[in-house]
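For reference, the structure is listed below as structure tokens.
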Amino acid sequence: QVQLVESGGGLVQPGGSLRLSCAASGSTFSINAMGWHRQAPGKERELVAVITRGGITNYAGSVKGRFTISRDNAKNTVYLQMNSLKPEDTAVYYCYASFVGLLGLRWGQGTQVTVSS
């Protein structure tokens, strides 16, 4: 019953910044962890960052120090602040949520991030 809607993607030059947002609606009381995956053309989907309900974070090594994940539980929203963007960050970014007592994940529709001169 949870729906996730991403926003904030776009075209940015190398070294630039973007902030992605993912707003959850529906049965949000059951949400546990939230995070972001990304998928570049010809590559498998990979974890970017995850944040637990209590605020504990983990990052892929390729984005650590450049990206910051945060969440506002009251607003049922997770954010991904992306700084010092590189061309290799170009991908479709997907928001996801896990649930207390449930298997599987709920995914958003994805938002395109393109880093290019």
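Predicted model only: the values in this text are computed from it and were never measured. The first residue in the sequence is number 1, and the count goes up from there.
- How far CZ of Phe67 is from CD of Gln81: 9.5 Å, rounded to the nearest 0.5 Å.
- Checking side-chain atoms of Glu6 against main-chain N and O of Gly110 turns up a donor-acceptor pair under 3.5 Å.
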(request) Go through the steps for Val100 and Phe29 under the test side chain to side chain contact (heavy atoms under 4.5 Å, CB included), then give the verdict. (result) CA-CA 9 Å; Val100 176; Phe29 64 89; over 6 Å; no
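- Between Trp107 and Tyr94, the two ring planes are perpendicular [angle over 60°; tilted spans 30° to 60°].
- Counting heavy-atom neighbours within 6.0 Å of Glu88 CD, excluding the residue itself, gives a total above 12.
- The local environment of CD in Gln109 is sparse, with at most 12 non-hydrogen atoms from other residues, nucleotides or ligands closer than 6.0 Å.
- Ala97 and Leu4 get closest at one heavy-atom pair: N-CD1, 3.7 Å.
- Among Leu80, Leu18, Thr90, the one residue that satisfies the side-chain contact (heavy atoms from CB on, under 4.5 Å) test with Val113 is Leu18.
- Residue Ile56 qualifies as open at atom CD1: its count of foreign heavy atoms under 6.0 Å is 12 or below.
- Side chain of Asn73 to main chain of Arg53: a donor-acceptor pair is present (N/O by atom type, distance under 3.5 Å, no hydrogens or angles).
- At least one donor-acceptor pair under 3.5 Å links the side chain of Thr77 to the backbone N or O of Lys75.
- Cluster annotation: Leu47 and Met34 are assigned to distinct hydrophobic clusters (Ile/Leu/Val/Met/Phe/Trp/Tyr, side-chain heavy-atom contacts under 4.5 Å, transitive).
- Side-chain atoms of Arg66 come within 3.5 Å of backbone atoms of Ser84 as a donor-acceptor pair (strictly under, hydrogens ignored).
- Shortest non-hydrogen contact noted between Gln112 and Ala91 is NE2-O, 3.4 Å.
- With hydrogens and angles disregarded, no donor-acceptor distance shorter than 3.5 Å links the side chain of Thr57 to the backbone of Ile51.
- Under a 3.5 Å cut-off, the side chain of Ser30 and the backbone N or O of Ser27 do form a donor-acceptor pair.
- Side-chain rings of Tyr93 and His37 stay apart, their centers remaining 6.0 Å or farther from each other.
- In this structure, the side chains of Thr114 and Val12 stay at 4.5 Å or more apart for every pair of heavy atoms.
- The SG atom of Cys95 lies 9.5 Å from the CG atom of Leu20; values are rounded to the nearest 0.5 Å.
- Between the side chains of Asn83 and Ser17, a donor-acceptor pair is found at a separation under 3.5 Å.
- Atom CG of Leu85 is separated from atom OG of Ser116 by 12.0 Å, given to the nearest 0.5 angstrom.
- The shortest non-hydrogen separation linking Phe99 to Leu105 is CE1-C, 4.4 Å.
- Across every non-hydrogen atom of Tyr79 and Ser21, the tightest pair is CD2-OG, 3.3 Å.
- Between Arg106 atom CZ and Ser98 atom OG the span is 12.5 Å, to the nearest 0.5 Å.
- The distance from the CE atom of Met82 to the CH2 atom of Trp36 is 8.0 Å, given to the nearest 0.5 Å.
- Contact detail for Ser70 and Val78: the closest heavy-atom pair is O-CG2, 3.1 Å.
- A donor-acceptor pair is defined here as one N or O able to donate and one able to accept, closer than 3.5 Å; no such pair exists between the side chain of Arg45 and the backbone of Arg38.
- Between the side chain of Arg71 and the main chain of Thr52, a donor-acceptor pair closer than 3.5 Å is present.
- Under a hydrophobic clustering in which Ile, Leu, Val, Met, Phe, Trp and Tyr are joined whenever their side-chain heavy atoms come within less than 4.5 Å, directly or via other members, Tyr96 and Val2 fall into different clusters.
- When all heavy atoms of Ile69 and Tyr59 are compared, the closest pair comes out as N-OH, 2.9 Å.
- For the atom pair Ser117 OG and Gln13 CD, the distance stands at 6.0 Å (nearest 0.5 Å).
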